[in-house]
Amino acid sequence: MSAAAYRTLLEAALAFKHRYPLHTDGALRGRTIYFLFYNASLRTRSSFQTGLSRMGGHAVVLDPLNGIYTPALPEAEIPYSTERVADVARVLSSYGDAIAIRMYGAPTGWVYGAAHRHLEAFAQWSRVPVINMECDRFHPCQALADVMTMREQLGELAGRRLCISWAYSGSWHKPVAVPQSLLLAALKAGMDVTLAHPAPFGLDAQVMTAAAQFAGQTGARLRVTHDLRDGVTDAHVVYAKSWCSLAALPQRRGDPVDEAAMRDAFEPHRDWCVDADIMQRAAPDAGYLHCLPADRGQEVMDDVIDGPSSWVFQQAGNRLHAQNAVMAHLLNPGCLA
């Protein structure tokens with residue numbers, strides 16, 4: 001989506017939120033969406049189902065790992081255990097109005113990009129829209145909620161400074177989807193972005209190239225630093241969370257994750273934690289964001305995430321409104337006007 005189109009969707013989502021729920025009731029009456037969750041979910045599952053229900057639609061939640069034959073690409077098929085994605089997509093799209101999928105990590109053996117290819121195959125064969133509820137490359141619904149929150153807190157976003165930072169966690173099992181989607185969305189909105197991470201945690205080179213292109217289009221500034229304190233200095237927003245090291249992930253399905261390399265990447269950087277001292281380096285009245293669930297005491301200290309600088313729970317609430325706007329945009333765009 002172009003930067004201009006993204007900003008239009010952002011403003012429509014904010015307007016749609018202000019009309020919810022009284023003036024959005026019935027916006028998706030009679031529409032059915034099939035939800036496939038390969039991974040655990042609290043906010044995504046709850047917000048999508050609640051929003052669709054309040055707009056008059058119907059959610060059918062399918063368990064792709066146990067409740068149905070697992071949708072699979074040809075190279076991952078197992079007789080009488082899986083069903084080809086091409087077949088599942090065509091069947092579901094003959095029944096309902098959209099298919100929403102959450103898939104990353106373990107279901108694809110942590111091979112980077114495999115889950116994204118899975119969603120692309122659904123989109124190729126489906127006759128209805130396919131919604132990405134998070135894959136191993138992108139989490140667009142989260143990013144829209146993030147940008148909505150910053151827009152509400154800061155007003156015009158062009159020229160505002162955002163620090164997207166890696167943070168330490170005792171678990172490496174976190175995809176790069178959130179920082180990558182946020183990076184692209186913030187630059188489309190015209191924000192100046194500093195990406196802060198230890199050297200082993202660089203993002204996808206293709207995403208970084210796209211980020212530079214969007215920055216060129218909007219006049220935003222993009223820089224990378226390997227120093228947390230440098231990254232947060234004078235930032236209007238600090239968004240710090242953990243993600244895995246792409247270099248330690250397997251190249252082929254069936255190969256193991258390089259656990260030793262992953263530990264070696266994580267353990268020297270336990271000090272990458274957002275505490276009160278870190279937030280004091282940001283601009284006055286700067287806000288803290290996290291997509292949740294947060295590893296408290298590791299990624300962030302309680303006095304930050306529960307304190308006055310935290311916008312985290314407004315951000316979580318905006319998942320509902322961002323996704324309502326996405327569903328309406330895809331299934332009944334006239335109601336966004």
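Along the sequence shown, residues are numbered consecutively beginning with 1. Just so you know, these numbers come straight off a predicted model, no measurement behind them.
Of all non-hydrogen atoms in K241 and C291, the two that sit nearest each other are CE-SG, 3.3 Å. Looking at every heavy atom in both residues, A282 comes nearest to V238 through CB-CG2, 4.1 Å. Nearest heavy-atom pair across V304 and S309 is O-OG, 4.1 Å. The two residues L9 and M1 have their closest heavy-atom pair at CD2-CE, 4.1 Å. Minimum interatomic distance between C244 and L249 (heavy atoms only, all atoms of both residues): SG-CD1, 4.0 Å. Residues A72 and T82 approach most closely at CB-CB, 3.8 Å, considering heavy atoms.
Rounding to the nearest 0.5 Å gives a distance of 10.5 Å between NE2 of H329 and CG of L144.
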CA sep, side-chain torsions, deciding dist, call: F16, H321, ring pair (Phe, Tyr, Trp, His ring centres under 6.0 Å): CA-CA 7 Å; F16 204 57; H321 304 292; 9.0 Å; no
Derivation and outcome, side-chain contact (heavy atoms from CB on, under 4.5 Å), residues D234 and R161: CA-CA 8 Å; D234 296 329; R161 296 181 296 275; 4.0 Å; yes
Audit row: Q180, L184, side-chain contact (heavy atoms from CB on, under 4.5 Å) steps and yes/no: CA-CA 6 Å; Q180 292 190 162; L184 298 179; 5.9 Å; no
Test log, rule side-chain contact (heavy atoms from CB on, under 4.5 Å), inputs V193 and L183: CA-CA 7 Å; V193 180; L183 175 65; 3.7 Å; yes
Criterion salt bridge (charged side-chain N to carboxylate O under 4.0 Å, His left out) on K174 and D295, from CA distance to verdict: CA-CA 11 Å; K174 303 171 189 289; D295 292 322; 2.9 Å; yes
Test log, rule ring pair (Phe, Tyr, Trp, His ring centres under 6.0 Å), inputs F266 and W272: CA-CA 10 Å; F266 269 75; W272 282 63; over 10 Å; no
Stepwise ring pair (Phe, Tyr, Trp, His ring centres under 6.0 Å) test for Y69 and Y80: CA-CA 7 Å; Y69 295 108; Y80 208 58; 5.4 Å; yes
Criterion side-chain contact (heavy atoms from CB on, under 4.5 Å) on L182 and H139, from CA distance to verdict: CA-CA 8 Å; L182 174 61; H139 197 348; over 6 Å; no
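Annotation: side chain of Q314 is in contact with side chain of E152 (closest heavy-atom distance under 4.5 Å). Residues V61 and Y34 form no side-chain contact, since every pair of their non-hydrogen atoms from C-beta on lies 4.5 Å or further apart. Counting heavy atoms from C-beta outward, S126 and R90 have side chains that stay 4.5 Å or more apart. Proximity of L195 to M208: side-chain heavy atoms (C-beta onward) are separated by under 4.5 Å at one or more points. Side-chain contact between L331 and I33 is present, with at least one heavy-atom pair separated by less than 4.5 Å.
Connection of W243 to M103 is not established within any shared hydrophobic cluster, with ILVMFWY side chains joined at heavy-atom distances below 4.5 Å, either directly or through further cluster members. Cluster annotation: M150 and V178 are assigned to the same hydrophobic cluster (Ile/Leu/Val/Met/Phe/Trp/Tyr, side-chain heavy-atom contacts under 4.5 Å, transitive).
Between D230 and R223, at least one side-chain N (NZ, or NE/NH1/NH2) sits under 4.0 Å from a carboxylate O, which counts as a salt bridge. Looking at R252 and D255, a side-chain N of the basic residue comes within less than 4.0 Å of a carboxylate O on the acidic one, giving a salt bridge. Classification of E11 and R151 as a salt-bridged pair holds, one side-chain N sitting under 4.0 Å from a carboxylate O. Under a 4.0 Å N-O distance rule, the pair D306/R296 qualifies as a salt bridge. Classification of E75 and R253 as a salt-bridged pair fails, no side-chain N sitting under 4.0 Å from a carboxylate O. D204 and R137 are joined by a salt bridge, as a carboxylate oxygen and a charged side-chain nitrogen come within less than 4.0 angstrom of each other.
At most 12 heavy atoms of other shown residues, nucleotides or ligands fall within 6.0 angstrom of atom OH in Y95. Counting non-hydrogen atoms of other residues, nucleotides and ligands closer than 6.0 Å to CD of Q251 gives a total of 12 or fewer. Within a 6.0 Å radius of CD in Q124, more than 12 heavy atoms belonging to other residues, nucleotides or ligands are found. Counting heavy atoms of neighbouring residues, nucleotides and ligands inside a 6.0 Å radius, atom CG of D285 does not exceed 12 of them.
Side chains of S47 and Q323: a donor on one and an acceptor on the other come within 3.5 Å. Judged by distance alone, the side chains of Y239 and Q315 do bring a donor and an acceptor atom under 3.5 Å apart. Under 3.5 Å, the side chains of T44 and R319 contain a donor-acceptor pair of N or O atoms. Remark: the Q49 side chain and the R45 side chain contain no N/O donor-acceptor pair separated by less than 3.5 Å.
Under the 30°/60° scheme for interplanar angles, the aromatic rings of H173 and W110 are found to stand perpendicular. Between F35 and F37, the angle of the ring planes stays under 30°, which puts this pair in the parallel group of the 30/60° scheme.
In terms of modelled atom types and a separation under 3.5 Å, the side chain of D136 and the main chain of G105 share no donor-acceptor contact. Checking side-chain atoms of T24 against main-chain N and O of Y20 turns up no donor-acceptor pair under 3.5 Å.
When ring centroids are compared, Y38 and H118 come within the 6.0 Å threshold.
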